Amino acid sequence: MELRRESFWQERWRSAGLARAEPRHDREKFYSVVAYPGTSGFLHVGHFRGLVYADSLNRFQRMLGKSVFFPTGTHASGLPAVTFAQKVRERDPLTIRQLEDNAVPKTEWPALEEPLAAARFLGRSYLELFGRLGILVDERAYVTTVDDDYQAFIGWQFRRLAARGALVQAPHFSSVCPVCGPVSVDASETDLSEGGDAEKITYRTVPFRLDDGRVLLAATLRPETVYGVTNLWLHPTEPLIVWHHKEVEYLVGGVAAPRLVEQHGGRLGNRVAPEGLFGRSVSVPLTGEKVPVVGSLLVDPRVGTGVVMSVPAHAPADWLAVAALSPELRARLPAIREIVSFPPLEELAASERELLGGTGSPAERALRATGAARLEDEEALEEATQRLYRLEFQRGRMTVHALEGLDVAPARDRVARELATAHAGLDLLEFSKRVVCRNGHEVVIRRVPDQWFVRYGDEEWKSKTRALLSRMSIFPAEYGRELPQVLDWYDDRPCTRRGRWLGTPFPADPSWVIEPIADSTFYPAYYVVRPFVASGKVPLSALSDAFFDRVFLGEGAGEPSLPRELQEEVRAAFTHWYPLDVNIGGKEHKRVHFPVFLYTHALLLPEALQPKALFVHWWVTGGGEKISKKQVSSKGGAIPPIRQAISEYGADALRLFYLTAASPGQDVEWETRVVEAARIRLADVERLVREMRSGGSGAAPELDAWLFSELHEVVRRSREAYAAYQFRDAAELAIGHVPSLVRRYLVRGGAPGPGLERASDLWVRLLSPIAPHLAEELGEGRFDSLVAAQPFPSTDELALDDRAKAAEAYLQQVEDDLQHVLGPSITRGDVPGEVIFYVAAGWKTEVEGWLRELTELRSGTVPVKEVMARAQAHPEVSAFRGEIPRYVQRVAPLLRSESPAPKVDEAHVLRSATGYLLRRFRFTQMSVYAENESEPHDPLGRRERSRPGRPAFYLVPGGAHKP
RNA sequence: GCCGGGGUGGCCGAGUGGCCAAAGGCGGCAGACUCAAGAUCUGCUCUCGCAGGAGUUCCCAGGUUCAAAUCCUGGCCCCGGCACCA
């Protein structure tokens, strides 16, 4: 099939209105969505996996006679389009390459420098690409999240959430570029040039008061160790800065000071040289003990507050630093105290035992185990620290009086709380690594005192969501097992941002913009409304809360400016398409989109309208990683742009690749040779179908009966596969299994004719959800409509003929055996001879039947006696008493792992296949005897070998035998 | 550490008690076709055997079973999430 024919068929589907969803109350419906793409740039081959799954499923459902609704939209909210536009403005090389790859004329570039325009443009380009892959989308429902009507919908949704108590305001720490505004720190790095994988770390601060009233503010991740502090460390030369906060003068490092101001307010004061502090005492919070301040190079001024608690018994670095102190200094420190104990050694794992072997403090023992002897042994010291900290947290128990008997983990929380109550409780948040925004500024963490949250942590709401989940089907099942746990840890989520984001203004305070995850939890509902708005039937001005209450909730009298019937029509459309049958998305949605989607539906809709299934698929990867834009290029990049891939391999080949390269719960590596192989498989299918129709006399009725029986099974299994979201199986049946059946039919002497004509028409329909373009091409002129509008094959169409199937299975077994014996000589074209078959005598069937019964009764032993007893009572079998014991000995062990031989007239099957067998194995002659026929030619005594379903045969050397 | 998923032939990847030496694809080998290459077609692709057989395999070690890639126990390793940590 020529690839340009694909666009021809796409046009035909369009003009036939195949994708247009009309509520049909006389039919079942099917409504699915794919998580809509964001607008960070052009789509690549990694984006289409879910869409192809969805389209195949939708096409299947359509062929079942259902009315199908498949809308899409574009998720333009947030920063991606802003960043994209900016990169266009800057003529960023990678972005320019994308524009060129996607054939965007230079004259249009200036328009894309504006974020909204860029978002809309990208969205249209997505829609166009969907079409090119043959994905049927109802474009009348297409919407972007920056459209006015969508924003009216989101406004309603948030007012509804607020009315149900689902929103709350609380302080929050969010990532901000001090110059450019809020940014999102995540792996996609849309807003960043560096540090997308950074995590937020929360240090607890611990105030140590000097006798002059100033406070040295230490930062720690292990506040419970305050009970083991012997001194404070400061960097020997780095100056400190005074931080004035609520009447207190804190002394902190120069890096931490501005961070603390971002997060807690206050103002900065003078610099203070550290020298003046060395040797002075500070008092330890909670214990009141006095400890000295000491200088040490172990302090990294960039981390924490630059004021470090020294806990030598439990921190290897502190132990080393204390050991290095002069004796005079050393003498001023209080005794080193151990504050944590461990379970007895025998209860620990080997690696833990090794760490804690020997004597001395835990820090000392860890140092010994790792071989770290000096602060400069960075690697070993790091290992000692990591392992000890982890072990203390997991297995340690507090021994200090105030916390005695508590495990370390709860002790840590308790001390943190006590410090917060007794003192200011000023946490310090820090990134785990440098984070830099797109424009090169370092990103900071800023306290936002009045952040809006969606209350996903609310227990009542959560349990409603759990209940919804328990009623749903989740594919693949592993994700279903994972989801309850995801809900367990789900907590309140910030839902608004301030800054130059695209999105809907937050209703209660329009200075906030609703953030991108939060505006995409209920959109399948809006798709139903959108066509009414797009067509002008419902004006933008009518999209009031009263309207949405009426349509989605069935509450209230509706929007007064709209005719009542119209609103009821929209309401009816909503209740027709809802509940959503399935939401399809990639694995990146497992912990973000899908949970909030469930939450929102659980809250807003009654049970009957809540979604029915989730389907999650893994990624298409390049080089083992999620495909990045950098890899995608028309000029020799590892991965071609989707446009190029389509024109090179064709939409159907790409679809087949997505459907068959791996099961959904598995990443699949993009490999052009595999896509190429898919293209070739399709070409084979096409050739074969054309051959099937080349006219001819057909085949023997038994062969047709066999083929139809096999196809009957194929149809049944296909339907089961789609129902279970096993797209790979469905595709493999249509593309792999059917051709092998047809080839067998042909090779068995079947010729094109009525049987194959019929089979081909069925096959074409089977292909339609998988390779829809090819199916149309092969179905052209053979149906009363487009193939995509034909009914999916039904098992009723073809009779299941067990006898025909059994006969063919028997013949294949015989062929396998012959093939095995003849081996590669056939390929080599060696001179074959004559073959003589000996079909097993009837008594063998009888005996095997008995054996099957008996072996079930007495496993393990060979029941010769029982068989003989039965044989005595059986006149026909008893005639062969002499042969039975040997036969039973040989066959009994085999039966356990064999299924019963098909019941067929073996001699008849072999004789009817004579021509075929002669041809296939190039025998010169072939004859068939019954084993107990009077005088078959059998010089080697082969006939004794025969078993039911496994005839014995004798390959006459050189074909010398003449009967 | 907790939870979830996994470890299969040269590679990718199906397979969850017996029709499994294990689908399909990729790669490799041989043959057909071709002036040739490519594409295509056919066969082979764990070891031994060359009369349809035998042996050894599905991370490792045990176990259950007449029968284990599949079930159980223990261990090692990998991935994801959470927790923890620097």
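As the structure is a prediction and not an experimental result, all values here were calculated from the model. The sequence lines fix the lettering, A, B, ..., with proteins before strands; numbering per chain opens at 1.
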(message) Let's test this: given Watson-Crick or G-U wobble pairing with both distances under 3.5 Å, identify the partner of B:C20.
(response) none
(request) Please check the phosphate of B:A14 (OP1 and OP2 only) for any side-chain N or O of A:Q666 closer than 4.0 Å. (result) yes
(message) With a 3.5 Å cut-off and heavy atoms only, can you find an N or O donor on one side and an acceptor on the other between the side chain of A:R728 and the base of B:A14?
(response) no
(message) When you measure from the side-chain N and O atoms of A:R687 to the phosphate of B:U40, is any distance below 4.0 Å, counting only OP1 and OP2?
(response) no
(request) Specify the separation, in whole Å, of atom CG of A:L818 and atom C1' of B:C50. (result) 14 Å
(message) Let's test this: given Watson-Crick or G-U wobble pairing with both distances under 3.5 Å, identify the partner of B:A61.
(response) B:U73
(message) Does the plane of the ring in A:F615 sit parallel, tilted or perpendicular to the ring in A:F475? Use 30° and 60° as the thresholds.
(response) tilted
(message) Are A:V486 and A:K590 packed together at the side-chain level, in the sense that at least one heavy-atom pair is separated by less than 4.5 angstrom?
(response) no
(message) Is any side-chain heavy atom of A:T225 closer than 4.5 Å to one of A:V340?
(response) no
(request) Mind calculating the distance between CD (A:E669) and P (B:G25) to the nearest angstrom? (result) 20 Å
(message) Under 4.0 Å, heavy atoms only, any strand: does A:Q485 hit a base, just the sugar-phosphate, or nothing?
(response) base
Side chains of residues 887-894 of chain A: which donor-acceptor pairs under 3.5 Å do they make with residues two or more places apart or in other chains?
residue	atom	partner	partner atom	Å
A:Y887	OH	A:E848	OE2	2.7
A:R890	NH2	A:R945	O	3.0

